[in-house]
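What follows is a single structure, written as structure tokens, with notes after it.
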Amino acid sequence: MGCNVMETRPEDDIPSSESIKKYNKGVKHLCETGIDNVPKKYIFPASQRNNENEVVLSLKLPVIDFAELQGPDRHNVLHSLSKALENYGFFQVTNHGISNDTIENTMDVSRRFFQQPMEERSKYMSTDLQALVRYGTSFNQSNDSVFCWRDFLKLNCHAMEDSLPHWPTSPSDFSDSIFQYAKQNKFLFFKIMEAIIESLGIIRKITEDNSNANDEALKDFVSQEFENGSHLMVINHYPSCPQPELTLGIPPHSDFGFLTLLLQDEVEGLQIQHEGQWLTVEPIPNSFVVNVGDHLEIFSNGRYKSVLHRAIVNSNRSRTSVASLHSMPVMNMVRPWPTLINEDNPRRYMDTDFATFVDFISNCELKEKKFLDSRKC
């Protein structure tokens, strides 16, 4: 659902206390009131905007076939995975085992949540960064000097028994659909992490001819490190925008965790920075975009780097995406793995934990890779 076009009112250009209250209700609510210009609160500096005069370059990310990763060609697929993470920090995974029905239900119920009246959505509105359920706007509306053209619903998924009772009850099938998706998403994360750990050489083959023993060693390692790990789901809604060249859905940033598994609809909007250019990722139906987070960059001691990415918006269609951010348990320290530190590759990052990250974003605007930069040795 896009913006209804009406005359611009003075308060849309002057950030009065009343207009700030309106902005805090989210972009969708702003659109529902009727606008034909982007308010100043959402206009990014010219140097940060999506340059409408640039040729839009599309990017086909490296594709990892999950079925082949589990098959006899695993060694070659692991090599492709490693190269994708070193060169792009991103890849797309297909044949991942999560059914098309589950994906369609997840996207459908996510759209229907944002199609509800403001009165229903606002039940979950909060500025508490650690709330079990949080509906909000921009990136961090308490700190952002410029708001981005996004509303979101964040769900804590790593303590389901605590958070599930607080999840939205409308649409009526919301909790069941998202719960089933979250479980399968977590399993996929585990399997991808097993491959990443193997690609880093942390768990070396026990024997050349005993694949079962090797598999169990990987499973045990990932289970021990991530069994009760952090899992945050962010359902994003980007309404169509009357002047998309002036704003961004999300500004350039890196993700904080180990891996983000992104499910997106067919509307293009995700861009990654590669070799100094912003490239638009071409969506592949029923696939996931997977990217390295800051924690994995720290853990790999810089071999796999978290990459700047952003979301752009358009004037024709709204966009929906569901990001699942996975990491270690929130009480754990993230540190470079000892076997990845040597004379040729000395320790590059300080130990960090989730509390340090929360404290950082509570006091700073989260831009580009500022958090990770703060953790470098």
Side-chain angles (χ1 to χ4, degrees), residues 59-85 87-110 155 157-158 160 176-200 211 215 218-219 221-223 225-227 229-236 255 257-270 272 281-293 296 304 307 309 319-327:
L59 172 66
K60 291 184 178 179
L61 288 171
V63 175
I64 301 298
D65 187 321
F66 186 75
E68 291 186 4
L69 187 62
Q70 307 306 308
D73 199 34
R74 182 178 176 88
H75 176 76
N76 289 330
V77 180
L78 283 174
H79 178 74
S80 298
L81 173 65
S82 182
K83 289 301 180 184
L85 295 178
N87 296 332
Y88 293 92
F90 276 78
F91 64 90
Q92 297 206 67
V93 61
T94 60
N95 295 325
H96 40 68
I98 300 180
S99 71
N100 291 352
D101 286 346
T102 298
I103 287 175
E104 289 172 4
N105 289 340
T106 300
M107 295 301 291
D108 176 61
V109 78
S110 297
L155 303 171
C157 296
H158 63 262
M160 290 283 204
D176 286 344
S177 296
I178 298 299
F179 177 73
Q180 293 301 323
Y181 172 75
K183 288 196 302 182
Q184 295 181 53
N185 190 281
K186 184 66 175 276
F187 177 79
L188 179 59
F189 162 71
F190 269 44
K191 302 307 291 184
I192 294 175
M193 277 307 306
E194 288 173 15
I196 288 175
I197 295 301
E198 186 173 354
S199 75
L200 287 168
S211 59
D215 290 347
L218 284 168
K219 288 178 182 177
F221 182 93
V222 172
S223 178
E225 297 293 332
F226 298 99
E227 181 63 39
S230 168
H231 180 187
L232 180 68
M233 188 181 298
V234 186
I235 303 174
N236 299 299
D255 294 340
F258 260 75
L259 287 181
T260 299
L261 278 60
L262 179 73
L263 179 64
Q264 56 179 339
D265 61 20
E266 72 282 1
V267 180
E268 292 184 347
L270 172 64
I272 73 169
V281 174
E282 295 184 8
I284 298 177
N286 297 319
S287 72
F288 288 92
V289 176
V290 182
N291 66 276
V292 174
L296 179 52
Y304 297 156
V307 171
H309 53 288
R319 175 172 174 260
T320 301
S321 68
V322 182
S324 297
L325 291 81
H326 298 273
S327 193

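Position 1 is the first residue of the sequence, and the numbers go up from there. These values consider heavy atoms only, across backbone and side chains, with no hydrogens, waters or symmetry-generated copies.
Side-chain contact between Glu68 and Asn76 is absent, with no heavy-atom pair separated by less than 4.5 Å. Side-chain contact between Leu78 and Leu69 is present, with at least one heavy-atom pair separated by less than 4.5 Å. Contact annotation: the side chain of Tyr304 approaches that of Ile196 to within less than 4.5 Å [non-hydrogen atoms, C-beta and beyond]. The shortest side-chain heavy-atom distance between Pro283 and Asp265 does not fall under the 4.5 Å cut-off.
Taken to the nearest 0.5 Å, the CZ atom of Phe91 stands 9.0 Å off from the CG atom of Asn291. The CD atom of Glu104 sits 8.5 Å away from the OG atom of Ser99 when rounded to the nearest 0.5 Å. Rounding to the nearest 0.5 Å gives a distance of 11.5 Å between CD of Gln184 and OG of Ser324. In this structure, the separation between CG on Asp108 and CD1 on Ile103 is 13.5 Å, given to the nearest 0.5 Å. From Asp73, atom CG reaches atom CG of Asp65 across 10.0 Å, with rounding to the nearest 0.5 Å. Distance CD1/Ile197 to CG/Leu218: 8.0 Å, rounded to 0.5 Å.
Formation of a donor-acceptor pair under 3.5 Å by the His158 side chain with backbone atoms of His231 is found in this model.
Here the closest heavy-atom approach between residue Thr102 and residue Thr106 is recorded as O-OG1, 2.8 Å. His96 approaches Asn286 most closely through the heavy-atom pair NE2-O, 2.6 Å. When all heavy atoms of Leu59 and Tyr88 are compared, the pair lying nearest together is CD1-CE2, 4.0 Å. The two residues Ser287 and Leu263 have their closest heavy-atom pair at O-CD1, 3.9 Å. Looking at every heavy atom in both residues, Thr320 comes nearest to Met107 through O-CE, 3.5 Å. Residues Leu232 and Leu155 approach most closely at CD1-O, 3.5 Å, considering heavy atoms.
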**OP:** Might you work through the side chain to side chain contact (heavy atoms under 4.5 Å, CB included) test for Gln92 and Val281, ending with a clear yes or no?
**Re:** CA-CA 10 Å; Gln92 297 206 67; Val281 174; 4.0 Å; yes
**OP:** Step by step, work out the side chain to side chain contact (heavy atoms under 4.5 Å, CB included) result for Ile64 and Val77.
**Re:** CA-CA 7 Å; Ile64 301 298; Val77 180; 3.8 Å; yes
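A side chain to side chain donor-acceptor pair (under 3.5 Å) with Arg319 is found for one member of Gln264, Glu268, Glu266 and no other, namely Gln264.
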Listed pairs under 3.5 Å, donor-acceptor, residues 185-193 side chains, sequence neighbours left out:
{"from": "Asn185", "atom 1": "OD1", "to": "His326", "atom 2": "NE2", "distance (Å)": "2.7"}
{"from": "Asn185", "atom 1": "ND2", "to": "Tyr181", "atom 2": "OH", "distance (Å)": "3.2"}
{"from": "Lys191", "atom 1": "NZ", "to": "Glu194", "atom 2": "OE1", "distance (Å)": "3.1"}

